[in-house]
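These notes concern the structure reproduced below.
Please read these numbers as outputs of a predicted model, since none were measured by experiment. Computed from heavy atoms alone, side chains included, the values below leave out hydrogens, waters and symmetry copies.
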Amino acid sequence: RKCDQMISGSVDQRVGQAGRILVTSLMVFAAFTAAAQNSVQFIAWGDSAMADEDYYGASKFYAEALLQDGGRMAIQWKYAEACRFSNQYPQAAEAYEKVQRKDMGRTYHEAWRWLGEMQLCAGRYDEAQKTWQKVKQKEKDKSSIVSQRADNALSGIRMAKEMMAAPEAVDIEHLPEPLNTYDSEF
């Protein structure tokens with residue numbers, strides 16, 4: 001009897017172990033399948049949010065899509081655009097830089113320009129200066145809007161650096177209630 005219990009017990013154990021292996025394998029397969037569908041779904045949700053002008057929401061959906069399928073330049077561009085429109089300048093600059101590095105201006109011609117804008121908005125003046133100089137160098141038509149914007153950005157960077165080198169003492173005073181409401185941003 002003891003021998004029968006040992007044999008049947010070991011068969012039960014083997015069947016249980018095989019069942020666990022099968023379930024685990026199915027779960028791993030389902031996770032890989034779901035990840036591919038989720039990336040597409042997150043992109044669709046991001047596109048929908050962009051169409052609704054919910055740029056912050058779109059940036060979150062595209063960020064999730066990038067976590068699942070990070071190498072796709074089209075997703076990085078969409079993420080950069082959503083971050084730019086939702087004033088997430090450091091994240092936008094990082095994404096535009098990745099796009100520019102991969103694309104080299106073949107598909108996304110404005111990546112350099114928007115990278116420079118986002119670096120300016122984030123206060124990264126040294127990086128922005130290098131970027132705007134490249135924009136100006138790559139722009140063939142020196143009278144174009146982009147070339148003029150590069151000139152303006154470079155002079156603005158010079159002015160900002162001068163002002164930062166010699167800051168003025170300023171007193172900021174909170175004015176009475178009718179002027180400063182709770183809805184005021186500044």
Original post:
How does the hydrophobic cluster around M159 look, that is, which other residues are in it when side-chain heavy atoms under 4.5 Å mark a link?
Top reply: M163
Qualifying residues under salt bridge (Lys or Arg N to Asp or Glu O under 4.0 Å), relative to [X], sequence neighbours excluded:
X: R101; value: none
X: E94; value: K98
X: E127; value: R124
X: D126; value: K161

Original post:
Tell me the salt bridge (Lys or Arg N to Asp or Glu O under 4.0 Å) pairs involving residues 142-160, sequence neighbours left out?
Top reply: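 Checked against salt bridge (Lys or Arg N to Asp or Glu O under 4.0 Å) - neighbours excluded - the pairs reaching residues 142-160 are E117-R149, K136-D151.
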**OP:** Any pair with a residue in residues 51-69 that passes salt bridge (Lys or Arg N to Asp or Glu O under 4.0 Å), sequence neighbours left out, goes on the list, sorted by first then second residue, please.
**Re:**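 Qualifying pairs, neighbours excluded: D69-R72.
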Original post:
For S144, what residues pass the side-chain contact (heavy atoms from CB on, under 4.5 Å) criterion, not counting sequence neighbours?
Top reply: E139, D141, V146, S147
Subject >> For E110, all residues meeting side-chain hydrogen bond (donor to acceptor under 3.5 Å, both in side chains), sequence neighbours excluded >> reply: W114
Original post:
Taking only residues two or more places apart in sequence or in another chain, which ones pass ring-ring contact (aromatic ring centres under 6.0 Å, His included) with Y55?
Top reply: F85
Subject >> Residue list, ring-ring contact (aromatic ring centres under 6.0 Å, His included) with F61, at least two apart or on another chain >> reply: W45
Side-chain atoms of residues 74-82: list all donor-acceptor pairs with protein atoms under 3.5 Å, sequence neighbours left out, distances to 0.1 Å.
from : atom 1 : to   : atom 2 : distance (Å)
Q76  : OE1    : K102 : NZ     : 3.3
Q76  : NE2    : G70  : O      : 3.2
K78  : NZ     : D47  : OD1    : 2.9
K78  : NZ     : D47  : OD2    : 3.1
E81  : OE1    : R84  : NH2    : 3.0
E81  : OE2    : R84  : NE     : 3.4
E81  : OE2    : R84  : NH2    : 3.1
E81  : OE2    : Y96  : OH     : 2.2

